[in-house]
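Structure record follows, encoded as structure tokens.
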Amino acid sequence: MRPAHLGLAVLVSALWGVNFVVIDVGLDHFPPLLFSALRFLVAAVPAVFFVGRPKVAWKWIIGVGLVLGVGKFGLLFIGMDQGMPAGLSSLVLQIQAVFTAVIAAVVLRERPGPVRVAGMAVAVGGVTVAAVDEGASGPLFAFGLLMLAAVLWGVSNVLTRKAAPADALNWMVWVSVVPPLPLLALSLLFEGPERDLAALRALDWTGAGTIVYVAWVVTVFGFGAWGFLLRTYPASTVAPFSLLVPVFGMSSSAVLLGEGMTGLRWCAALLLVGGVALATLPGAGRLRLRMRTTAAAADAPGPAPAASTAPPPADTSASRTPSTATRPSLPR
């Protein structure tokens, strides 16, 4: 990867990690569902007029818009509004990699290899440690909302793979068109028009800045840059940089919000990030291929036993060399 592109990958990961701090600040100015609705509204308009027509079927855009935009982000914002720390939120959401693998195994018939299963088990252990820590020091209900948000993120990942969008920016902008109206309706129903109007009337530069950051910086620029990297390099080269998101999320939360890090939380971070890395990095797939090749070699039939009577000399010479059909194939 070129140095400029390496820096871009780290920059996007940093922007996505700091996003959790910005969300925490924004929730001081807006009710969570209204904040989420404004985020997608500003991300979609005016960008939707410049990215061209959608390049995938509307069923995928609407499906991901509802699951990711309304479900995942709605629950994330509500969970953080209910007391889930920003840094811990950036960490817990990484369990979506496990949910994605499980859902893909059921829906897409993708069978994870033993290394990936081991990585998922380690990641689940990290979430369990985080739940114990949060249950002792914070609202466990909010933690549960973040877990449900991670499940919905996994569903949206599988839907996105089925949609297979060729242009990440075009895809994300059109997906952002879907959530604003459902989120606004839910906000009016559960948060009330009086609270929404009061938040809009009290809009200041800080509140407006949080909307601009989560909409244009995180969504439009972030996903546009990430899509560019995925079009330029293999996914196995780009995807590992997403593991930096909780690193930047937790460190920025500690510096900017004064969030403390308990021993259990450090343990949870090491287990969760390490488990996700083990389950998603390309080395796991190569190890699975080597294991399959070894198993194929072990199960392949050997040369046939010699006959009791000696064959003619020409046939004897041929029988000592197994044909290419009986040799186990080797990875190239």
Side-chain angles (χ1 to χ4, degrees), residues 9-32 35-36 38-39 72-97 123 125-150 153 204-219 221-223 226 240-277:
V10 174
L11 174 63
V12 173
S13 299
L15 295 175
W16 284 348
V18 175
N19 181 49
F20 290 87
V21 173
V22 178
I23 292 173
D24 189 85
V25 174
L27 289 171
D28 292 333
H29 294 76
F30 307 99
F35 188 22
S36 189
L38 293 173
R39 173 251 179 94
K72 181 255 183 175
F73 280 103
L75 289 173
L76 168 63
F77 281 37
I78 293 173
M80 291 183 64
D81 185 63
Q82 292 295 311
M84 187 71 175
L88 187 59
S89 297
S90 70
L91 175 66
V92 170
L93 277 181
Q94 297 306 309
I95 197 64
Q96 58 84 19
V127 168
T128 302
V129 173
V132 171
D133 178 62
E134 186 65 11
S137 60
L140 198 56
F141 172 73
F143 185 93
L145 292 179
L146 264 292
M147 290 295 294
L148 184 54
W153 194 357
D204 57 14
W205 286 108
T206 302
T210 61
I211 295 174
V212 169
Y213 185 92
V214 299
W216 291 351
V217 176
V218 171
T219 304
F221 172 77
F223 280 95
W226 199 256
F241 285 94
S242 65
L243 295 175
L244 295 175
V245 172
V247 176
F248 285 112
M250 298 180 75
S251 58
S252 61
S253 299
V255 172
L256 300 176
L257 301 178
E259 291 184 3
M261 287 291 294
T262 65
L264 282 177
R265 195 163 296 181
W266 278 115
C267 180
L270 291 174
L271 289 173
L272 187 49
V273 174
V276 170

Expected list for residues 16-30: side-chain donor-acceptor pairs under 3.5 angstrom, two or more places apart:
| residue | atom | partner | partner atom | Å |
| --- | --- | --- | --- | --- |
| W16 | NE1 | V218 | O | 3.2 |
| H29 | ND1 | V25 | O | 3.2 |

### Task
Write down the atom of L272, the atom of A123, and the distance for their closest heavy-atom approach.
CD1-O, 3.4 Å
### Query
Between OG1 of T128 and CG of L271, what distance do you get to the nearest 0.5 Å?
9.5 Å
#### Entry: For T219, side chain to side chain donor-acceptor pair (under 3.5 Å) partners two or more places apart
R39
### Query
Measuring from L88:CG to R265:CZ, what's the distance to the nearest 0.5 Å?
4.5 Å
#### Entry: Contact summary for A277 and L243, nearest pair of heavy atoms
CB-CD1, 3.5 Å
### Task
Tell me, please, which residues at least two apart from F248 pass ring pair (Phe, Tyr, Trp, His ring centres under 6.0 Å).
none
### Query
Any idea which heavy atoms bring G79 and L146 closest together, and the distance?
CA-CD2, 3.9 Å
### Task
Output the distance between atom OG (S251) and atom CD (E259), rounded to the nearest 0.5 Å.
11.0 Å
### Summary
Residue set satisfying side chain to side chain donor-acceptor pair (under 3.5 Å) with Q82, at least two apart, ordered chain then number -> none
### Query
Shortest non-hydrogen contact from G222 to V12?
O-CG1, 3.9 Å
### Query
Going from CZ on F221 to CG on L15, what distance comes out if it is rounded to the nearest 0.5 angstrom?
6.5 Å
#### Entry: CG-OG distance between L244 and S90, expressed to the nearest 0.5 angstrom
11.5 Å
### Side chain proximity check, V273 to Q94, heavy atoms < 4.5 angstrom
no
### Message
Taking the side chain as everything from C-beta on, heavy atoms only, tell me whether F73 gets closer than 4.5 Å to P32.
### Response
no
### Query
Looking at V10 and F241, what are the two nearest heavy atoms and their distance?
CG2-CE2, 4.0 Å
### Task
Among residues two or more places apart or on two chains, list those pairs meeting ring-ring contact (aromatic ring centres under 6.0 Å, His included) that have a residue in residues 76-97.
F35-F77
### Query
Hey, are the side chains of K72 and Q96 touching, using non-hydrogen atoms and a 4.5 Å cut-off?
no
### Task
Sequence neighbours left out, what passes side chain to side chain contact (heavy atoms under 4.5 Å, CB included) with L145? Give chain and number order.
L75, I78, F141
#### Entry: Heavy-atom pair of closest approach, residues M80 and S89
CG-OG, 3.5 Å
